[in-house]
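To find a chain, count down the sequence lines: A is the first, B the second, and so on, and within it residues start at 1.
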Amino acid sequence: MPEQDDAIAELRRRVRDLEDRLAIMQILATYGPAVDSGSAGPAAQLWTDDGVYDTYPAVLHGRAAIAAMVDGELHQRLIHAGAAHLQGLPHVEVAGDRAVATAYSQLVLRDDTTDSFRIWRTGANRWQFVRTARGWQVTHRVNRQLDGGAEARDLLSAALDEGHAQEGG
Amino acid sequence: MPEQDDAIAELRRRVRDLEDRLAIMQILATYGPAVDSGSAGPAAQLWTDDGVYDTYPAVLHGRAAIAAMVDGELHQRLIHAGAAHLQGLPHVEVAGDRAVATAYSQLVLRDDTTDSFRIWRTGANRWQFVRTARGWQVTHRVNRQLDGGAEARDLLSAALDEGHAQEGG
Amino acid sequence: MPEQDDAIAELRRRVRDLEDRLAIMQILATYGPAVDSGSAGPAAQLWTDDGVYDTYPAVLHGRAAIAAMVDGELHQRLIHAGAAHLQGLPHVEVAGDRAVATAYSQLVLRDDTTDSFRIWRTGANRWQFVRTARGWQVTHRVNRQLDGGAEARDLLSAALDEGHAQEGG
């Protein structure tokens with residue numbers, strides 16, 4: 001029944017695309033629990049071996065550098081005073097074995113004096129992924145603060161171009 | 001093999017429902033990057049030609065009005081001072097070629113004097129969608145502030161009725 | 001065509017897994033609209049009859065206790081002054097008829113004096129679910145504030161172990 005074979009092949013493509021999208025959402029949803037619990041290894045393993053996390057002014061190259069950020073004095077001080085690294089609903093584009101997610105992130109800090117939490121950072125993020133034998137991994141993440149400058153706006157508008165490129169492609 | 005045809009038809013229905021839900025999440029995830037990058041055209045094109053964005057006290061009718069809001073003086077001032085339009089995890093109901101999403105939105109603004117971001121707006125949103133030849137598009141979005149008034153509560157409780165209607169239907 | 005039967009069975013498993021993940025996201029996306037609209041019944045019905053909501057220092061046992069929290073004086077005062085219970089992007093693990101979601105939650109309150117919203121609470125949440133004849137329901141939710149203490153960190157790192165357990169299992 002070749003029509004059935006075709007139908008099954010088409011369903012497999014569609015199901016794989018859905019799985020890819022949810023896998024990428026899951027990676028974003030893992031980042032906060034990893035870094036806010038001080039789990040340096042699991043946080044770093046979201047990236048490829050030579051993955052990059054570019055969070056101005058620091059550019060972290062490779063898993064060891066990302067793990068060192070989590071174990072570092074500043075990060076440890078924040079999470080022991082009360083901190084949450086929140087990721088927003090991501091815009092996701094998958095193209096074969098590559099994918100891009102665009103999402104907001106926030107870093108909120110406990111402020112005991114006001115019995116509340118302060119939003120210290122709100123950034124635009126562009127996450128790039130590659131499909132590996134061990135699932136999707138981050139090759140590059142750029143985080144730029146929404147401080148009114150052009151960099152964050154350019155990063156966000158790149159997500160819209162992505163969509164258009166895919167419509168056309 | 002009619003049982004296999006039935007099984008394939010059922011899988012197609014289920015996969016389409018999943019695709020619909022993720023497509024609607026993707027629209028919500030596109031809104032912020034579009035307006036925060038000042039991309040008036042892509043923001044307006046999330047709506048149908050005659051789509052409505054009702055964000056009290058303004059009611060924007062049609063794509064040109066939505067694009068004009070993005071290009072407008074107030075919005076431009078906000079995004080050049082640092083602003084993020086965040087959308088929460090949506091409650092989504094799809095029924096044929098119509099869909100409704102209910103989600104929180106926040107508008108946070110950079111405040112240089114405190115080195116932090118202030119939440120200026122937190123609203124309840126009801127997004128209505130129609131399936132078109134070019135994919136899902138917004139026909140109507142209502143945004144009501146969570147200011148203690150009944151309007152936002154009524155908007156949120158409508159999402160619960162939606163679920164019940166579908167269970168029964 | 002036994003290969004086609006196998007292919008269909010495999011697709012059914014994969015589609016069910018995707019449906020499960022989106023159903024669990026939908027439950028988290030329903031909680032806020034339910035409690036912020038004061039809908040005590042729909043909020044309680046997200047849980048099983050004997051489900052638990054452990055939100056330090058209160059531990060609510062069963063639907064009646066959860067409904068009573070929503071109808072209670074404190075909660076009613078908050079939602080009539082302007083309140084939003086926001087849920088973050090969840091980390092989800094499904095294993096047969098059980099599932100766990102790990103997600104941040106925030107409670108933001110309207111502050112008329114500053115024309116803005118204050119983040120009163122930011123918590124780490126572990127939601128446990130069971131598949132029932134009426135769909136997924138919450139058996140247990142624990143919410144711990146990100147106040148710098150070990151409890152929230154332990155809760156977040158449990159999500160990472162979950163992932164590892166599933167990879168190995």
Could you check which of [options] has the highest count of heavy-atom pairs closer than 4.5 Å to chain A?
| options | result |
| --- | --- |
| Gln145(C), Glu3(C), Gln106(C), Met25(C) | Gln106(C) |
| Leu146(C), Val92(C), Leu155(C) | Leu146(C) |
| Gly148(C), Gly123(C), Gly149(C) | Gly148(C) |

- Can you say whether Asp5(A) sits under 4.5 Å from chain C via the side chain, the backbone, both, or neither, judging by heavy atoms?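 Interface part for Asp5(A): both.
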- Contact class of Ala34(A) relative to chain C, heavy atoms under 4.5 angstrom: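 Both the backbone and the side chain of Ala34(A) come within 4.5 Å of chain C.
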Side chains of [X] and [Y]: does their closest heavy-atom pair fall under 4.5 Å?
| X | Y | value |
| --- | --- | --- |
| Arg153(C) | Asp36(A) | no |
| His91(C) | Gln26(A) | yes |
| Val138(A) | Tyr31(A) | no |
| Val94(C) | Trp136(C) | yes |
| Leu109(C) | Asp111(C) | no |
| Asp54(C) | Arg144(C) | yes |
| Tyr53(A) | Asn143(A) | yes |
| Ile24(C) | Pro90(C) | no |

- Item | Contacts with chain C made by residues 9-18 of chain A (heavy-atom distance under 4.5 Å), listed by residue number |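 Within residues 9-18 of chain A, the residues under 4.5 Å from chain C are Leu11(A), Arg12(A), Val15(A), Arg16(A), Leu18(A).
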- Considering heavy atoms only, which positions within residues 56-65 of chain A lie below 4.5 Å of chain C?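 Listed by number, there are no contacting residues, so the answer is none.
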- Message: To check you understand the geometry: which heavy-atom pair defines the closest contact between Val70(A) and Ala43(A), and what is its length?
- Response: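 Looking at all heavy atoms of both residues, the shortest contact is CG2-CB, 4.1 Å.
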- Heavy atoms only: give me the nearest Thr102(C)-Ala159(C) pair and the separation to one decimal.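 Here Thr102(C) and Ala159(C) meet closest at OG1-CB, 3.3 Å.
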- Query: For Ala7(C), is it the side chain, the backbone, both, or neither that has a heavy atom closer than 4.5 Å to a heavy atom of chain A?
  - Reply: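 Interface part for Ala7(C): both.
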- Message: Given heavy-atom pairs under 4.5 angstrom as the criterion, report whether the side chain, backbone, both or neither of Leu22(C) touches chain A.
- Response: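 The side chain, not the backbone.
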- Greatest number of heavy atom pairs closer than 4.5 Å to chain C - which of His80(A), Gln87(A), Gln4(A):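 So the answer, after comparing His80(A), Gln87(A), Gln4(A), is His80(A).
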- Query: If only atom types and distance count, is the side chain of Arg110(A) paired as donor or acceptor with the main-chain N or O of Thr122(C) below 3.5 Å?
  - Reply: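 No, because the side chain of Arg110(A) does not come within donor-acceptor range (under 3.5 Å) of the backbone of Thr122(C).
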- Rounded to the nearest 0.5 Å, how far apart are CH2 of Trp127(A) and CG of Leu46(A)?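 Interatomic distance, Trp127(A) CH2 to Leu46(A) CG, rounded to 0.5 Å: 7.0 Å.
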- Query: Say you draw a straight line from CE of Met69(A) to NE2 of His75(A); how long is it, rounded to the nearest 0.5 Å?
  - Reply: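 Rounded to the nearest 0.5 Å, the CE-NE2 separation comes out at 6.0 Å.
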